[in-house]
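One structure is given here, and the rest of the page talks about it.
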Amino acid sequence: MMERRRKLWIGFAELCLWGMSAVILIPYLMVVLTSVKSSKEAGLFRLSLPSEIHVMDNYRVVFERGYVLQGFINSMVVTAGSVIIVLVCSALLSFYIARVRSRISELLYRFFLLGMVAPISLVTTFNVLKTLNILNTRTGIIMVFAGILIPFAMFIYVGFIKTIPREMDEAATIDGCGPYRMFAIIIFPLMKPITFTAAILVFMNVWNDSQIPLFFLNDNRYWTMPLNIYRFYGYFSTDWNYIFGNVFLTALPVFVIYLLGQRFMIEGMTSGAVKG
């Protein structure tokens, strides 16, 4: 009786999960189907198969008029630069905070935690970028994203590093490792699961963000793919097949990265609990 009840609960839970998956996947399916329809069919906004498939025609317009290649390069440069800076800085900072017990490390930890909840000051940030002569550049946008996301990455790194036994540090010190060599050879390889998790989350945040580039990039040569959707919408405000094609190409890299990295995300989120 208990076994039957347990199977019923498992079946009900799976049914609920499939329902939740449908809620998420149906909008993606609608975007894909609409992007290969004619303009007349796309304007109906129906979740149905197209009467005629217009893949080459629609996506040729998207690539030619949507600045897809330029936006993709800008997004990749900004996203890759932000991910590298966030991971390197937050990993080193977290190692110091997790291993050094002092007032300074405690203050640093609280200071960066404050960065997770404190809103960005647009006017101050604008003036700082202008003073450093990196306003309206991809370098400036990378610095802004790094400043916003380092506190978040630091938070999850610190929790993971605290699960690594201190005896490993002591053994490395006895063998003659300095702090930097110990971090690079011993500690950082053990942080692989949480590093993949942080990298994927930072990638998704930076790639999908349109507000920061909109505020600090006036030159549309450096616009990222989400911003190019706004420009493209201005050209084809009634041709939703073209607009949805642009939206699909913008969301595709995040979707692929998530599918490829979801195993690492789950491993990174659960490894600290298993080790503790």
Partner of Thr34 under side-chain contact (heavy atoms from CB on, under 4.5 Å), chosen from Phe244, Phe248, Tyr242: Phe244
Trace of the side chain to side chain contact (heavy atoms under 4.5 Å, CB included) decision for Leu33 with Leu47: CA-CA 7 Å; Leu33 292 177; Leu47 186 63; 4.1 Å; yes
Closest heavy-atom pair and its distance - Gly81, Ile142: C-CG2, 3.7 Å
Side-chain touch Pro213/Leu217, heavy atoms, less than 4.5 angstrom: yes
Passing option when Phe232 is tested against Tyr235, Phe236, Tyr230 for ring pair (Phe, Tyr, Trp, His ring centres under 6.0 Å): Phe236
Ile150 versus Cys89, closest heavy-atom pair with distance: CD1-CB, 3.8 Å
Step-by-step side chain to side chain contact (heavy atoms under 4.5 Å, CB included) determination, Val206 to Val83: CA-CA 8 Å; Val206 176; Val83 169; 5.7 Å; no
Distance in Å, Leu135 CG paired with Thr137 OG1, rounded so as to fall on 0.5 Å steps: 7.5 Å
Phe203 CZ to Leu149 CG distance, which is reported to the nearest 0.5 Å: 13.0 Å
Short side-chain to backbone donor-acceptor contact, Asp209 and Gln211, under 3.5 Å: yes
Spacing of OG1 belonging to Thr79 relative to CD1 belonging to Ile84, to within rounding of 0.5 Å: 11.0 Å
Within 6.0 angstrom of Leu44 CG, more than 12 heavy atoms from elsewhere: yes
Side-chain H-bond candidate by donor/acceptor type, Tyr59 with Ser35, under 3.5 Å: yes
Hydrophobic cluster membership, Val256 vs Leu29, 4.5 Å side-chain cutoff: yes
Ser105 (side chain) donor-acceptor with Val100 (main chain) under 3.5 angstrom: yes
4.5 Å side-chain heavy-atom contact, Met154 and Tyr109: yes
From CZ (Phe196) to CG (Leu201), nearest 0.5 Å: 13.0 Å
Residues, nucleotides or ligands: over 12 heavy atoms within 6.0 Å of Phe45 CZ: yes
Cluster link Ile97 to Leu107, ILVMFWY, side chain under 4.5 Å: no
Close side-chain approach of Glu41 to Ser48, heavy-atom, < 4.5 Å: no
Spatial distance of atom CG (Leu227) from atom OG (Ser210) [nearest 0.5 Å]: 6.0 Å
Residue pair Arg138 / Ile73: nearest heavy atoms and the distance that separates them: NH1-CG2, 4.4 Å
Over-ring placement of Arg231 relative to Tyr67, 6.0 Å and 45° cut-offs: yes
Asn74 side chain to Trp223 backbone, donor-acceptor under 3.5 Å: yes
Side chain proximity check, Met143 to Ile85, heavy atoms < 4.5 angstrom: yes
Exceeds 12 heavy-atom contacts within 6.0 angstrom, atom CG of Asp219: yes
Side-chain touch Ile164/Arg99, heavy atoms, less than 4.5 angstrom: yes
Test item: Asn205 and Ile148 side chains (from C-beta on) under 4.5 Å apart, heavy atoms: no
Contact check, side chains of Ile194 and Tyr157, non-hydrogen atoms, under 4.5 Å: yes
hydrophobic_cluster_shared for Phe12 and Met20, side chain cutoff 4.5 Å: no
CZ/Arg166: more than 12 non-hydrogen atoms of other groups inside 6.0 Å: yes
For Ala91 against Ile161, the heavy-atom pair lying closest together: O-CD1, 4.4 Å
Non-hydrogen side-chain atoms of Trp240 and Tyr233 separated by less than 4.5 Å: yes
Parallel, tilted or perpendicular, as decided by the 30° and 60° cut-offs, for the rings of Tyr28 and Phe255: tilted
Donor-acceptor under 3.5 Å (Trp207 side chain, Val78 main chain): no
Val61 with Met56, same ILVMFWY side-chain cluster at under 4.5 Å: no
Path from Phe152 to Phe111 over hydrophobic side-chain contacts below 4.5 Å: yes
Pair Asn241-His54, side chain to side chain contact (heavy atoms under 4.5 Å, CB included): steps then yes or no: CA-CA 9 Å; Asn241 51 338; His54 301 271; over 6 Å; no
Side chain Asn136, main chain Asn218, donor-acceptor under 3.5 Å: yes
Atom of Leu87, atom of Ala199 and distance for their closest heavy-atom approach: CD1-CB, 3.8 Å
Considering all heavy atoms, the nearest Ala146-Val86 contact: CA-CG2, 3.7 Å
Inter-residue atom distance Trp18.CH2 - Leu25.CG, 0.5 Å rounding: 8.5 Å
Check: Lys37 main-chain N/O paired with Asn58 side-chain donor or acceptor under 3.5 Å: yes
Full working for side chain to side chain contact (heavy atoms under 4.5 Å, CB included) between Asn127 and Val123: CA-CA 6 Å; Asn127 290 331; Val123 176; 3.8 Å; yes
